[in-house]
Amino acid sequence: MEAVQICSGVRAALRLRKKSNSADDSEDEELQDEMYNDAIYDKASIFEQGETHDFLQFLRSIKYDHRQVPDDGFDGPVHVNVSIVVSNIRSVSEVTMDYSIEMFYRESWRDPRLTYSREKFKNKTEISLHESYSNFLWHPDTFVPNAISSKNPRRQSITHRSLLRLRNNGSILYSRRLSLILTCGMDLTLFPFDTQLCKMGFESYGYTADKVKYFWSSGVIQSLKLHKIRLPDFQVKEAYVTSRVESYATGDYSRLYVCFVFNRAAGFCFLQLIIPSTAVVITSWVSLWMENETSFQDMISIILTITFLLFSYNEVMPRVSYIKAMDVYLGVCFCIVFLSLIKLAAVKYMRQRLLITR
């Protein structure tokens, strides 16, 4: 009993202390509570108006559960039709081996539970819903396996919004704008005359292929649409789509692929590496016919120049364990310049021996 009394006394003291410390902040908390209550009332009033109220009543009447996968009655998977509009590819980096892309991702599927009569929604065969209703409806848990990060701003951003539409037969269209950075394994053996194949995959994170299966859209809606894209060091040669089933330890998953074929524009390498290194090699040849005493110092300067080109080139390239085409070219240029120096030294030594003999 004494222990209980002691504990109750300590609790009372803590309450008094907390009350005294929070006396100054009570007005701010009351103001925040009032603003929060106003926001709730405004939101509630909005949900009681127009199609929003009708749709909520419709969901309540059919006892819709957004956690349950749609069932067509034949125990088959949900068919998700996907289409993509690529608006821009900002950059392709061989240093980090990734590329950034901006696109409109659209997926559609049919949920038989959402089939409605047109009389319930003012004789409309299709209704447009606010993007927040995606939280009340079942939708595929689509993700991009090779995505490193997403540059999507915060919610309610003016640049990244989503679209949600429902037809009277239960078909749902969900579209949103995405900005992604994706990995791309590159083979730089033929650099700077290489061609790279970069893929972007889509699949369900938790549903296997017997529950959710992805298909590319066909017919009027194009599966892939590519806007005019201009990159400083690459050209988009080709873009195509494909699909297959991937097997993991947890089961088989349906996956879609978008493949981009990039051709490298070698103009930068020509101006910054190939032409200067070729000029250095020609200069080393010219120095062999120079009869002045500073020809040896000139050859040292030429070797330092080609060495600087090698180091500056390696700083902007990834560290790979294989030899690239540009490595072979610059290595040959360095060997030619170095052999020219050796030849110049040998000729100078032979001249001196000839003078001594005479």
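All values below were derived from every heavy atom in this structure, side-chain atoms included, with hydrogens, water molecules and symmetry-related copies excluded. We number each residue from 1, following the sequence as shown. Quick caveat: nothing in here was measured; it's all calculated off a predicted structure.
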Intermediate values then yes/no, ring pair (Phe, Tyr, Trp, His ring centres under 6.0 Å), Tyr214 and Phe202:
CA-CA 8 Å; Tyr214 289 85; Phe202 300 94; 8.3 Å; no
Quick one: CG on Leu166 to NZ on Lys124, what's the gap to the nearest 0.5 Å?
12.5 Å
Residues, nucleotides or ligands: over 12 heavy atoms within 6.0 Å of Phe268 CZ:
no
Which word best sums up how the rings of Phe338 and Phe334 line up, parallel for under 30°, tilted for 30 to 60°, or perpendicular for over 60°?
parallel
Could you go through Asp252 and Thr208, starting from their C-alpha distance and side-chain angles, then the distance that decides it, and tell me whether this counts as side chain to side chain donor-acceptor pair (under 3.5 Å)?
CA-CA 6 Å; Asp252 298 334; Thr208 55; over 6 Å; no
Separation between CG (Leu256) and OG (Ser223), nearest 0.5 Å, reads 9.5 Å
Following the transitive rule for hydrophobic clusters with a side-chain heavy-atom cut-off under 4.5 Å over Ile, Leu, Val, Met, Phe, Trp and Tyr, establish whether Val320 and Val95 coincide in one cluster.
no
Flag, side chain of Asn146 to backbone of Lys199, donor-acceptor distance under 3.5 Å
yes
Flag yes if more than 12 heavy atoms outside Arg110 fall under 6.0 Å of its CZ atom; otherwise flag no.
yes
Lys213 atom NZ, over 12 foreign heavy atoms within 6.0 Å:
no
I'd like to know if the side chain of Tyr329 pairs up with that of Thr278 as donor and acceptor (distance under 3.5 Å, no hydrogens or angles considered).
yes
One should read off an interatomic distance between Ser162 OG and Leu129 CG, to the nearest 0.5 angstrom, of 11.0 Å
Any sub-3.5 Å donor-acceptor pair from Thr183's side-chain atoms to Asp98's backbone N or O?
no
Establish whether Leu173 and Trp216 are linked, either directly or via other cluster members, by ILVMFWY side-chain heavy-atom contacts under 4.5 Å.
no
Verify the distance criterion only: is there a donor paired with an acceptor across the side chains of Ser204 and Asp141 at less than 3.5 Å?
yes
Residue pair Tyr257 / Arg255, side-chain donor-acceptor N/O under 3.5 Å
yes
Of all heavy-atom pairs linking Gln196 and Leu188, the shortest is NE2-CD2, 3.7 Å
With a 4.5 Å limit on heavy-atom distance, are the side chains of Leu114 and Leu59 in contact?
yes
For the residue pair Trp285 and Ile336, establish whether any side-chain heavy-atom pair is separated by less than 4.5 Å.
yes
If you group Ile, Leu, Val, Met, Phe, Trp and Tyr by side-chain heavy-atom gaps below 4.5 Å, do Val258 and Phe143 land in one group?
no
Please examine the side chains of Tyr174 and Leu137, heavy atoms only from C-beta on, and report whether any two atoms are closer than 4.5 Å.
no
Neighbour count >12 (heavy atoms, 6.0 Å) for atom OH, Tyr248:
yes
Nearest atoms (heavy-atom pairs only) where Glu203 meets Ser254:
CB-O, 3.2 Å
May I ask you to decide if the ring planes of His79 and Phe215 are parallel, tilted or perpendicular, using 30° and 60° as cut-offs?
tilted
Which atom pair, heavy atoms only, marks the closest approach of Ser93 to Met186?
O-CE, 3.4 Å
Can you confirm whether more than 12 heavy atoms, excluding those of Phe308, are under 6.0 Å from its CZ atom?
no
Report the C-alpha separation of Thr125 and Arg118 in whole Å, then their side-chain angles, then the decisive distance to 0.1 Å, and conclude whether the side-chain contact (heavy atoms from CB on, under 4.5 Å) test is met.
CA-CA 6 Å; Thr125 59; Arg118 292 187 298 177; 3.3 Å; yes
Taking every heavy atom of Tyr207 against every heavy atom of Arg67, the minimum-distance pair comes out as OH-O, 4.4 Å
Considering all heavy atoms of both residues, which atom of Thr115 and which atom of Phe58 are nearest to each other, and what is their separation?
O-CZ, 3.8 Å
Is it true that atom CG of Leu339 has more than 12 heavy atoms of other residues, nucleotides or ligands lying nearer than 6.0 Å?
yes
Please assess Asp327 against Tyr322 for the test side-chain contact (heavy atoms from CB on, under 4.5 Å), listing each intermediate value before the final yes or no.
CA-CA 10 Å; Asp327 295 333; Tyr322 50 85; over 6 Å; no
Inter-residue atom distance Phe234.CZ - Ser91.OG, 0.5 Å rounding
10.0 Å
Would you call Ile181 and Ser100 a side-chain contact if the rule is heavy atoms closer than 4.5 Å?
yes
Applying the 4.5 Å side-chain criterion to the ILVMFWY set and letting contacts propagate, would Val85 and Met200 be lumped into a single cluster?
no
Is there side-chain contact between Val280 and Cys333, with heavy atoms separated by less than 4.5 Å?
no
Working for side-chain contact (heavy atoms from CB on, under 4.5 Å), residues Asp187 and Asp194
CA-CA 8 Å; Asp187 184 11; Asp194 54 331; over 6 Å; no
When you take the SG atom of each Cys, Cys184 and Cys198, is the space between them under 2.5 Å?
yes
Rounded to the nearest 0.5 Å, what separation is found between the CZ atom of Arg165 and the CZ atom of Arg167?
10.0 Å
Using side-chain heavy atoms (C-beta onward) and a distance below 4.5 Å, is Asp233 in contact with Phe262?
no
Pair Cys269-Phe193, side-chain contact (heavy atoms from CB on, under 4.5 Å): steps then yes or no
CA-CA 10 Å; Cys269 293; Phe193 307 102; over 6 Å; no
Residue pair Met103 / Leu180, side-chain heavy-atom distance below 4.5 Å
yes
Interatomic spacing from CD1 in Ile274 to CE in Met326 - rounded to 0.5 Å
4.0 Å
Within a reach of under 6.0 Å around CD1 of Ile323, are more than 12 heavy atoms found that belong to other residues, nucleotides or ligands?
no
May I ask you to test the Leu178-Val144 pair for a side-chain heavy-atom distance under 4.5 Å?
no
Taking all non-hydrogen atoms of both residues, which atom of Ala239 and which atom of Leu226 are closest, and how far apart?
CB-CD2, 4.1 Å
Is there a path from Leu163 to Val80 through hydrophobic residues (I, L, V, M, F, W, Y) whose side chains come within less than 4.5 Å of each other?
no
Trp138 vs Trp109 aromatic rings, parallel, tilted or perpendicular, using cut-offs 30° and 60°?
perpendicular
Do the side-chain N and O atoms of Tyr240 and Glu238 include a donor-acceptor pair separated by under 3.5 angstrom?
no
What verdict does the salt bridge (Lys or Arg N to Asp or Glu O under 4.0 Å) test give for Glu107 and Arg176, after you've listed the backbone C-alpha separation in whole Å, the side-chain angles of each residue and the deciding distance to 0.1 Å?
CA-CA 9 Å; Glu107 55 186 4; Arg176 55 190 182 272; 3.7 Å; yes
